[in-house]
Amino acid sequence: MMPPPDASLTPPSPSGLDAVEHEIARACRDARRDRATVTLIAVSKTFDADAIAPVIASGQRVFGENRVQEAKGKWPELMARTPGIALHLIGPLQSNKVKDAVALFDAIHAVDRDSLCEALAKEFARQPRRPELFVQINTGEEPQKAGVAPMEADAFIARCRDSYDLTISGLMCIPPADEAPAPHFALTAKIAARNGLAKLSMGMSADFATAIQFGATHVRVGSAIFGTRPRPI
Ligand SMILES: *Cc1c(COP(=O)(O)O)cnc(C)c1O
């Protein structure tokens, strides 16, 4: 019998993360893009510290959460253990959670209304931290979904800058679940280009390769890395 491999010599390498990395590299080659232009956000919402730790041990450093409260409960300790982790808030942000969000997160992906801009501007006057901001575009104009309607995007982005003095880094979108994502990625990229925004947060487990084809700089991948979520979100 072969002796078991020495676990201390091989860092844990979750197969999900490896497969996603492989697919990102392939999509970048196909799109003739440098791999370094795409940031993988490992979406760890609903997973506890024990499930996240092996992914950190494999070298992943950028993570996404969709709830401020949940992130506050598990990330400070994980971040204290491993320096250099960046945390992205990918879910909707209520104004009363802005203080905690600015303190904890390095990027906020769902800026979508004036009241939130106002709360962020106020908080920036109190805290020196400046998370990167993405404006969410509701490309499918779905009533239940957060985000600015495509028709209102240019005016909203202008107000972020001119009325609230916020620096917007890019745009984010979540295509409707039952539609081909490509037209939604293309629309988001077009709105970003005409507003001079360099970053595009788009693409999830099912469609990140397509998103990379359409210029995504940040892909938000959860279940393909961590497996099926223990509870619905
Ligand atoms: C949960 C979530 C993701 C990741 O979804 P998967 O399909 O598990 O990859 C990406 N973006 C947002 C906004 C999410 O809420």
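First listed ligand is number 1; within each ligand, the first listed atom is number 1. Worth saying up front: this structure is predicted, and the values here are computed from it rather than measured.
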Donor-acceptor contact present, side-chain Q60 to main-chain V62, <3.5 Å: yes
Salt bridge (Lys or Arg N to Asp or Glu O under 4.0 Å) evaluation trace for R161 with D165: CA-CA 5 Å; R161 294 165 171 158; D165 200 22; over 6 Å; no
Proximal atoms of ligand 1 relative to S205 (non-hydrogen, under 4.0 Å): 6 (P), 7 (O), 8 (O), 9 (O)
Q144: partners by side chain to side chain donor-acceptor pair (under 3.5 Å), with sequence neighbours left out: E142
Those atoms of ligand 1 less than 4.0 Å from some heavy atom in G222: 4 (C), 6 (P), 8 (O), 9 (O)
Carboxylate-amine/guanidinium proximity below 4.0 Å for R129 and E123: no
Numbered atoms of ligand 1 (with element) below 4.0 Å of R220, judged on heavy atoms: 4 (C), 9 (O), 10 (C), 11 (N), 12 (C), 13 (C)
Per-atom contacts of ligand 1 with I174, taking only distances under 4.0 Å to non-hydrogen atoms: 13 (C)
Distance-only N or O hit between ligand 1 and N66, under 3.5 Å: no
Proximal ligand 1 atoms for V221, defined as those under 4.0 Å from one of its heavy atoms: 9 (O)
Residue that, paired with K199, satisfies side-chain hydrogen bond (donor to acceptor under 3.5 Å, both in side chains) out of E132, H109, H218: E132
Student check: side-chain heavy atoms of L171 and I157 closer than 4.5 Å: yes
R229 contact mode with ligand 1 (heavy-atom cut-off under 4.0 Å): side chain
